[in-house]
Amino acid sequence: MSAIIPSLSLDQIGPGGRVILRALRGDRELQSRLMLLGLFVGGTADVVQTRRRGPTLIRVRNTLVAIGYEEAKTILVDVYE
Amino acid sequence: MTKNEAVLRIALAGQPNVGKSTVFNMLTGLSQHVGNWAGKTVERKEGSILFGGRRIQIVDLPGTYGLTASSAEERIARDYIIREKPDVVIVIANAAAIDRNLYLLAELLALPVPVVLGLNMMDVAASEGVEVMPVVLEANLGLPVVPVTAVENAGVADLLSIAVAQADDGAEFRPARPELSVGLGRTLKKLSKLIETCVPHPYEAEWVALKLLEGDMEIATLARQWTRERDWQQVEELLTANQDAALKIVGGRYFWVDRMVKAAVRRAPRREASLTERIDRQVLHPIAGIIILFLVLGFTFALTFSVAWPLQRLLETGVILPLRELTTVVFSGAPPALSHFIADGILGGAGLVVTFLPLLLVFYAIFGFLEDTGYLARVAYLTDRFMQRMGLHGKSFLPFCLGFGCNVPAIMGARVIESPAGRLLTILLAPLVPCSARFAVLAFLAPVFFGKYAIWAALGLVMVNIAVLAVLGAVLNHTFFRNERVSFVMELPLYHSPNPRTIGLFMWSHTWSFLRRASTMILAVSTAVWLLAYFPGGSINTSYLAQLGQMLEPIGHLLGFDWRLTVALFTSFVAKENAIATLGVIYGAESGSLAGALSHSVTIAAGLSFLVTTMLFIPCAATVAAMRQETGSWGWTFFSVGLLLFIATTAGAISYQATNWLLA
């Protein structure tokens with residue numbers, strides 16, 4: 001696990017990347033919805049597919065979750081190695 | 001009353017995509033009743049059954065990921081459990097997604113109600129290489145766990161009898177519960193002590209304290225009203241000192257879930273891709289995925305029009321028309337107004353709307369099928385980037401698709417969008433999707449006005465509608481909805497084979513609500529318009545409606561309309577295809593064939609303008625009624641009607657003047 005690389009936002013991670021969630025910067029409602037889908041601080045996720053300026057598809061707790069471009073920017077992560 | 005005679009109440013809870021409605025359908029069958037939760041546009045389903053000689057009421061709670069107050073669904077689910085106190089709650093989880101599905105269970109266990117876990121989709125889990133051992137899970141959780149495969153009706157009866165048994169000895173319920181860290185636990189104790197004396201029944205102090213720590217706004221507002229000023233200050237101090245509590249509590253629940261399922265779940269080593277992964281490789285592919293999407297949509301329309309369209313014509317010419325003729329014969333002795341009212345007002349208005357039933361049935365069958373397999377969620381994902389430009393997200397694409405069949409279900413379908421702003425915007429834009437009734441007008445009039453170019457003209461007119469929809473969406477997004485961001489976070493469920501029963505019930509409940517509307521609202525408006533078109537003289541040419549059309553002639557002039565086209569446009573408010581019926585009545589009074597009369601007396605420019613205006617005009621009465629119901633606001637309903645009126649007349653005027661200029 002690398003804590004040296006500063007946190008990136010989820011939209012910057014390419015397909016195949018495994019990340020550990022560091023912080024949720026969205027408003028309270030968005031935070032709550034993300035957490036209920038398994039995206040909580042300290043949890044991990046795998047990036048499955050990305051689209052330029054489009055949604056990011058991730059696998060989190062063995063389910064696929066699509067996250068809009070703007071929403072992905074509010075999720076700060078570290079790359080898990 | 002002895003205990004056995006009392007009604008036993010069971011609530012069904014579960015996250016979305018766990019097959020909860022299939023379980024509910026298996027339990028209740030057609031005895032279910034579909035309505036709305038009081039004051040909400042969230043569907044409420046309940047059913048009453050006899051089981052072992054006892055009456056059991058089953059309430060299907062909305063599918064929710066958790067029990068926070070962040071969505072209407074979650075508030076409904078938790079309010080029901082707290083206030084209505086069901087005898088037992090059945091939680092349905094998808095065996096293949098158990099690591100996330102059990103989060104809801106973790107939240108539910110904080111409420112004072114016995115819980116039974118139904119482990120659904122054991123077959124789907126197996127096909128994804130996941131094996132769950134219910135016995136191990138039951139031992140860990142300390143509550144009954146029942147494996148079910150609802151689509152095959154396997155285990156559903158067991159689930160019910162175990163739930164009933166659990167309800168009967170409700171006191172004997174001591175499951176494992178998620179625990180807080182030592183420090184947070186101490187804070188929780190302090191908090192609940194502070195509010196203990198003032199938390200009213202049926203709430204429990206410890207649960208309220210937990211929700212306060214989680215930062216639940218609704219509970220915070222309530223607790224503030226309950227608590228004495230002095231105590232509240234201390235509560236706030238505690239909360240400020242523990243601002244990260246929410247993160248810890250949520251994380252703690254997930255770690256608890258991990259501990260519970262760890263020994264109970266075996267995953268096949270991932271040597272090869274699972275079924276869902278293999279399908280998604282094609283379906284979500286940036287190029288192939290879009291091609292597949294267009295093929296699916298094309299197939300949907302082809303099937304709708306090749307199967308349902310002839311049926312609609314058959315109903316119209318084979319049932320409604322003979323009935324209208326029969327009416328004139330049967331009521332020949334009655335006052336002419338009565339027979340005209342039944343023939344033209346009821347049968348020609350509301351009756352004609354009912355003939356669209358086959359179109360809806362086919363459309364709902366395909367949609368129910370795509371929804372049940374898991375494909376519809378992918379459509380939302382694929383179209384999200386495009387929809388974002390209108391301030392919407394991919395989920396709005398689905399109601400728009402429904403709109404091609406009929407705008408009413410499109411507006412009701414906007415319920416899938418969680419955010420109120422996104423839902424409202426979708427409702428405002430949905431009437432611009434050309435519905436099948438408008439296609440009918442187009443199919444009849446385009447050949448009259450444009451001859452052999454009819455198909456291209458029709459295609460162009462549909463494109464105009466879609467372009468207006470896109471532009472209006474972008475404009476509203478940057479004006480009225482500028483500060484409203486619609487967030488797109490959506491689960492893509494695992495694929496599974498569709499269940500005919502689920503699709504059948506989906507079709508049935510939607511069609512039924514359409515018919516109910518046709519028999520009330522649409523009937524009322526048809527009657528009103530018929531009255532205006534018949535009185536005072538008994539002929540549309542001298543009616544109040546004609547007078548109104550003549551009064552509006554100056555405006556109509558800009559669009560190239562004479563009063564007859566204006567009146568036809570007005571009557572299309574009852575049902576879009578009424579435009580043709582009205583033209584038939586007015587022009588028919590003068591000459592033989594409607595097509596001949598129209599091509600003779602309406603210029604190409606006026607014809608184009610009429611079609612542009614009709615396609616964009618205010619939606620039919622049924623759609624307006626649906627808008628009022630779903631937005632809960634006359635203000636927004638009138639806003640939409642006014643806006644569409646403006647857009648339609650402007651576009652009509654532009655097309656009329658431009659065509660004249662080009663042809664001059």
Side-chain angles (χ1 to χ4, degrees), chain A residues 1 7 9-11 14-16 18-78 80, chain B residues 15 17 64-71 74 94 96-101 103-104 107 128 130 214-217 244 246-248 250-255 257-258 265 267 276-277 280 284-286 377-378 380-382 384-386 388 393-394 418-419 485-494:
Chain A
M1 199 180 354
S7 292
S9 57
L10 185 62
D11 62 299
R18 164 164 289 197
V19 296
I20 179 159
L21 272 74
R22 289 302 181 202
L24 301 174
R25 288 286 149 79
D27 59 31
R28 176 143 237 140
E29 197 190 320
L30 178 59
Q31 279 187 27
S32 159
R33 290 186 49 210
L34 289 170
M35 289 197 286
L36 292 178
L37 277 162
L39 287 122
F40 60 98
V41 172
T44 59
D46 294 301
V47 177
V48 176
Q49 195 181 62
T50 54
R51 288 173 186 233
R52 222 174 71 79
R53 299 184 61 79
T56 301
L57 191 62
I58 59 169
R59 177 181 300 281
V60 54
R61 298 184 85 76
N62 295 303
T63 44
L64 281 175
V65 177
I67 296 177
Y69 180 60
E70 294 296 328
E71 289 68 42
K73 286 201 278 195
T74 71
I75 303 169
L76 299 188
V77 298
D78 275 337
Y80 201 98
Chain B
Q15 293 195 336
N17 307 314
T64 57
Y65 289 106
L67 294 177
T68 59
S70 63
S71 73
E74 290 174 69
N94 175 349
I98 193 168
D99 344 27
R100 213 214 39 234
N101 285 168
Y103 183 87
L104 178 66
E107 278 223 55
E128 299 285 330
V130 183
E214 280 188 69
D216 189 303
M217 300 305 275
D244 58 347
L247 294 180
K248 288 185 189 160
V250 173
R253 287 193 190 118
Y254 278 112
F255 295 132
V257 170
D258 285 342
V265 176
R267 282 179 194 276
T276 293
E277 280 172 331
D280 274 341
L284 298 183
H285 188 276
R378 268 83 183 169
Y381 170 70
L382 286 169
D384 181 62
R385 196 169 54 168
F386 167 70
Q388 287 286 349
H393 58 54
E418 307 89 358
S419 89
R485 230 199 42 212
V486 182
S487 60
F488 180 60
V489 182
M490 185 181 189
E491 177 188 358
L492 305 189
L494 296 168

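Letters A, B, ... are given to chains in the order of the sequence lines, protein chains preceding strands, and every chain is numbered from 1.
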* So, do B/Glu74 and A/Leu36 sit near enough that their side-chain heavy atoms are less than 4.5 Å apart? -> yes
* Asked: Any side-chain heavy atom of A/Leu57 within less than 4.5 Å of one from B/Arg378?
  -> no
* Structure fact -> So, the part of B/Glu107 with a heavy atom under 4.5 Å from chain A: the answer is side chain
* To do: Among residues two or more places apart or on two chains, list those pairs meeting salt bridge (Lys or Arg N to Asp or Glu O under 4.0 Å) that have a residue in residues 32-51 of chain A.
  => A/Arg18-A/Asp46, A/Arg33-B/Glu418
* Check whether any side-chain N or O of A/Arg61 sits under 3.5 Å from a backbone N or O of B/Asp99 as a donor-acceptor pair, and report yes or no. => yes
* To do: Verify the ring-centre separation between B/Tyr103 and A/Phe40: is it less than 6.0 angstrom?
  => no
* To do: Ignoring hydrogens and angles, tell me if any N or O in the side chain of B/Tyr254 forms a donor-acceptor pair with the backbone of A/Gly38 under 3.5 Å.
  => yes
* Find out whether B/Val489 and A/Leu34 are in side-chain contact, i.e. whether some heavy atom of one side chain is under 4.5 Å from a heavy atom of the other. => yes
* List for me each residue that meets salt bridge (Lys or Arg N to Asp or Glu O under 4.0 Å) alongside B/Asp384, sequence neighbours excluded, and say none if there are none. => none
* Side-chain touch A/Thr63/B/Asn101, heavy atoms, less than 4.5 angstrom -> no
* **A/Tyr69 side chain reached by B/Gln388 side chain, heavy atoms, under 4.5 Å** => no
* Would you confirm whether B/Tyr381, through its side chain, and A/Thr56, through its main-chain N or O, come within 3.5 Å as a donor-acceptor pair? => no
* So, do B/Glu491 and A/Leu64 sit near enough that their side-chain heavy atoms are less than 4.5 Å apart? -> no
